[in-house]
Amino acid sequence: MHTTSQANAIYPANNPWWHNAVVYQIYPRSFCDSNGDGIGDIQGIISKLDYLKTLGVNVIWLSPVYKSPMDDNGYDISDYQDIAPEFGTLADMDELLAKARDRGIRIIMDLVVNHTSDEHRWFEEAKKGKDNPFRDYYIWRKPNEDGSAPDDQGSLFGGSAWQYDEASGEYYFHLFSKKQPDLNWENPKVQEEVHQMMNWWIDRGIGGFRMDVIDLIGKEIDKGITGNGPRLHPLLQQMNRATFGDKDLLTVGETWGATPEIAKLYSDPAREELSMVFQFEHITLTWGNGDKWTPVPLELPTFKAVLTKWQTELADNGWNSLFWNNHDLPRVVSKYGCDGEHRVKSAKMLATAMHLLKGTPYIYQGEEIGMTNVAFDTIEEYRDIETLNFYRERTENGVSPEAMMAAIHENSRDNARTPMQWSASTHGGFTEGTPWIQANPNHTEINVDAALTDTDSVFWHYKHLVEMRQQHPVIVYGSFTPLFAEHPSLFGYVRELDGVKIVAINNFSADTITVDVPAEWQIGGECLVHNGVARSALEQILTLTPYESFAILVK
């Protein structure tokens with residue numbers, strides 16, 4: 001590991017603080033249980049703030065802790081201005097905000113406003129009758145003459161997007177679970193309610209919002225439009241004006257359907273919408289025909305082309321979110337690396353490849369110690385509603401249980417939701433009780449205690465990458481030029497700013513790779529980071545060991 005003379009570099013005053021921030025996502029249910037009930041909680045998070053301070057992150061994205069019946073693990077909210085009892089109280093939340101702030105860490109809340117829980121007061125009122133003032137907070141349609149659903153739109157969790165309400169004789173729309181009715185964003189009262197709630201949280205001292213499936217709020221369902229509807233951006237500009245627009249906050253939208261052109265609409269500062277978006281084009285490359293339950297191998301040249309496109313298209317207008325993992329995605333070292341003999345080395349390589357790009361990096365809990373996917377033996381051991389629904393639906397329609405379990409082992413959301421592995425003790429030190437979902441059996445080898453005591457662990461590699469982003473303006477603001485663009489195993493690129501270059505080379509394969517280096521890139525400098533040999537030069541012939549990765553600083 002190396003430090004450099006740029007440690008005291010001053011960032012341009014007119015650029016936002018989140019340009020050089022590093023965000024850590026916490027999935028509260030699985031992070032740390034303080035009271036032995038088997039469910040992670042806010043006090044558990046507070047107890048680990050010093051760990052996160054050691055890692056060096058300065059933002060926590062907190063998955064939902066609002067009051068919820070937990071049909072979808074908190075993404076079904078029954079009260080936006082209260083905390084789920086299993087997670088704690090509003091007093092606990094205020095304590096977390098204060099103690100994180102004391103450590104220079106901001107908290108961004110998960111804003112889930114495409115839908116609520118069917119146990120939210122608004123929906124309970126809406127069901128009371130067609131004349132109820134809350135009826136139009138949601139989307140209702142009459143059945144067809146034969147009593148069937150208004151159309152054949154499907155839920156993203158399987159089955160129809162329409163649920164029949166016996167009492168009123170109408171259907172309500174839900175893009176996710178039937179217990180997650182979609183809000184009607186054409187209703188100005190819905191807009192006002194959401195804006196008031198957002199300001200209530202801003203006033204409590206949060207650092208911003210991660211906006212769950214925000215690209216769906218502009219839907220026009222009678223036209224079959226759900227994502228990126230024409231009403232979306234006016235709604236976001238209105239939200240910006242009414243809430244966070246004049247505040248120093250980070251806002252990131254989850255936008256599964258975004259292209260670079262669409263992303264610029266969200267994140268070009270001149271448009272006054274969001275700070276940045278999550279796009280998933282690089283993630284869905286391993287979904288066969290767009291179906292996550294039909295996984296296909298990664299083709300690295302295509303993957304590199306996607307990342308290069310996003311780096312270059314958003315270079316001057318907009319901002320990239322950099323991520324491998326989140327609570328909905330499999331563990332990166334299992335998906336793109338090697339979770340066997342090369343686990344540590346490939347985890348470091350993947351971290352370097354992502355963190356030296358332009359944008360704001362997001363680390364998902366456990367990623368920094370190289371946690372892996374889990375392969376439970378039976379479907380009964382899984383908890384994720386999406387996984388359970390699709391297993392039932394597809395095995396009833398001819399897919400073998402063995403094939404479905406193989407797909408679940410690769411892509412189930414529960415891969416990311418097994419408990420955080422703090423120690424080698426029972427349940428990985430996550431809880432003294434019975435965990436809501438079982439810990440990965442490999443917690444005895446892969447855990448925070450082991451990572452902190454081994455200076456060559458994945459954790460210390462991540463810490464170094466986080467520090468580098470604070471030390472080198474070229475990582476934050478430098479231009480991006482791809483190297484070895486067509487190579488099937490190497491992902492290389494150059495970042496450049498004011499005559500300073502960083503050359504990063506990453507071997508995505510378990511093979512030893514030898515390549516010819518073009519004359520213009522045969523350079524020497526200082527090794528910034530590596531996962532094997534500290535290389536300080538690129539010579540004519542470059543030989544890389546399996547999953548080897550390094551970056552050279554050239555001044």
Side-chain angles (χ1 to χ4, degrees), residues 27 29-30 38-39 63 70-75 154-160 176-179 256 280 282-299 324-343 346-347 350 364-367 370-421 426-428 430 434-446 510:
Y27 194 70
R29 175 170 289 267
S30 300
I39 297 171
S63 282
M70 299 293 167
D71 181 60
D72 187 21
N73 284 1
Y75 284 86
S155 161
L156 295 168
F157 283 178
S160 173
F176 295 92
S177 161
K178 66 182 180 182
K179 288 183 65 63
W256 281 85
F280 296 86
H282 63 301
I283 298 296
T284 56
L285 292 174
T286 58
W287 297 9
N289 296 317
D291 174 22
K292 69 184 281 184
W293 305 113
T294 312
V296 296
L298 179 71
E299 293 185 359
W324 287 120
N325 292 155
N326 66 28
H327 61 290
D328 288 333
L329 302 176
R331 293 284 179 179
V332 62
V333 72
S334 297
K335 190 66 174 174
Y336 302 116
C338 169
D339 57 15
E341 63 173 314
H342 298 299
R343 182 186 65 86
S346 65
L350 290 161
Y364 180 69
Q365 64 184 45
E367 178 187 339
M371 281 178 61
T372 70
N373 279 0
V374 69
F376 291 135
D377 292 330
T378 66
I379 190 63
E380 288 75 23
E381 294 172 273
Y382 286 86
R383 298 289 178 265
D384 171 38
I385 185 173
E386 179 193 53
T387 299
L388 298 175
N389 283 356
F390 273 97
Y391 179 87
R392 182 183 66 252
E393 184 177 294
R394 297 211 173 176
T395 54
E396 287 175 355
N397 286 281
V399 177
S400 74
E402 295 77 16
M404 210 43 214
M405 287 302 289
I408 286 168
H409 290 161
E410 187 159 342
N411 275 346
S412 169
R413 301 194 302 182
D414 278 342
N415 284 307
R417 300 178 182 186
T418 56
M420 181 70 180
Q421 295 165 202
T426 307
H427 309 310
F430 161 72
T434 301
W436 73 277
I437 187 172
Q438 290 302 312
N440 193 317
N442 66 18
H443 71 267
T444 54
E445 292 83 37
I446 304 170

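What you see is a predicted model, and the numbers here were worked out from it, not measured in a lab.
Taken from CD1 in Ile385 to NZ in Lys179, the straight-line distance is 9.5 Å, to the nearest 0.5 Å. Here the OG1-CE distance, from Thr395 to Met405, works out to 11.0 Å after rounding to the nearest 0.5 Å. We find the NE2-CG distance between His327 and Asp384 to be 10.0 Å, quoted to the nearest 0.5 Å. Note: Ser155 OG to Lys178 NZ = 11.0 Å, rounded to the nearest 0.5 Å. Going from atom OG1 of Thr372 over to atom CG of Asn442 covers 4.0 Å, rounded to the nearest 0.5 Å.
Taking the ring centre of Trp436 as origin, the terminal cationic atom of Arg383 falls outside the region bounded by 6.0 Å and 45° from the ring axis.
Judged as a ring pair (Phe, Tyr, Trp, His ring centres under 6.0 Å), and not counting sequence neighbours, the contacts of His282 are Phe323. By the ring pair (Phe, Tyr, Trp, His ring centres under 6.0 Å) test, Phe157 pairs with Phe176, sequence neighbours left out. Not counting sequence neighbours, Phe430 has no partner by the ring pair (Phe, Tyr, Trp, His ring centres under 6.0 Å) test. By the ring pair (Phe, Tyr, Trp, His ring centres under 6.0 Å) test, Trp256 is found to be paired with Phe280, Trp287, residues two or more places apart in sequence or in another chain being considered. Asp328 pairs by the salt bridge (charged side-chain N to carboxylate O under 4.0 Å, His left out) definition with Arg413, Arg417, not counting sequence neighbours.
Formation of a donor-acceptor pair under 3.5 Å by the Ser334 side chain with backbone atoms of Asn373 is found in this model. Between the side chain of Glu367 and the main chain of Val332, no donor-acceptor pair closer than 3.5 Å is present. Between the side chain of Asp72 and the backbone N or O of Tyr75, no donor-acceptor pair lies under 3.5 Å. At distances below 3.5 Å, not a single donor-acceptor pair connects side-chain atoms of Arg343 with backbone N or O atoms of Val333. Between the Asn325 side chain and the Pro330 main chain, a donor and an acceptor come within less than 3.5 Å of each other. Proximity of a side-chain donor or acceptor of Tyr382 to a complementary backbone N or O of Phe376 within less than 3.5 Å is detected.
Residue pairs meeting the salt bridge (Lys or Arg N to Asp or Glu O under 4.0 Å) criterion with at least one member in residues 387-402, sequence neighbours excluded: Asp291-Arg394.
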Chi angles and distances behind the side-chain contact (heavy atoms from CB on, under 4.5 Å) call for Tyr391, Val399: CA-CA 9 Å; Tyr391 179 87; Val399 177; over 6 Å; no
Are Met420 and Met371 close enough, and set up right, to give a side-chain contact (heavy atoms from CB on, under 4.5 Å), and what steps lead you there? CA-CA 8 Å; Met420 181 70 180; Met371 281 178 61; 4.1 Å; yes
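For the pair Leu329 and Tyr364, the minimum side-chain heavy-atom distance is 4.5 Å or more. Contact check for Glu299 versus Leu285: no side-chain heavy atoms found under the 4.5 Å cut-off. Contact check for Ser30 versus Thr418: no side-chain heavy atoms found under the 4.5 Å cut-off. Side-chain contact check for Asn415 versus Asn440: every heavy-atom pair is 4.5 Å or farther apart. Considering only heavy atoms from C-beta on, Ile437 stays 4.5 Å or farther from Arg29 through its side chain. In this structure, the side chains of Lys335 and Glu410 come closer than 4.5 Å at one or more pairs of heavy atoms. For the pair Thr294/Asn289, no side-chain contact is recorded, criterion being any heavy-atom separation below 4.5 Å from C-beta on.
Residues Pro419 and Ala439 come closest through the heavy atom pair CD-CA, 3.6 Å. For Asp71 against Ser177, the heavy-atom pair with the smallest separation is OD2-OG, 2.5 Å. Considering all non-hydrogen atoms of both residues, His427 and His443 come closest at N-NE2, 4.0 Å.
Residue-environment remark: CD (Glu381) exceeds the threshold of 12 foreign heavy atoms within 6.0 Å.
Between Lys292 and Glu386 a salt bridge is recorded (basic side-chain N to carboxylate O distance below 4.0 Å).
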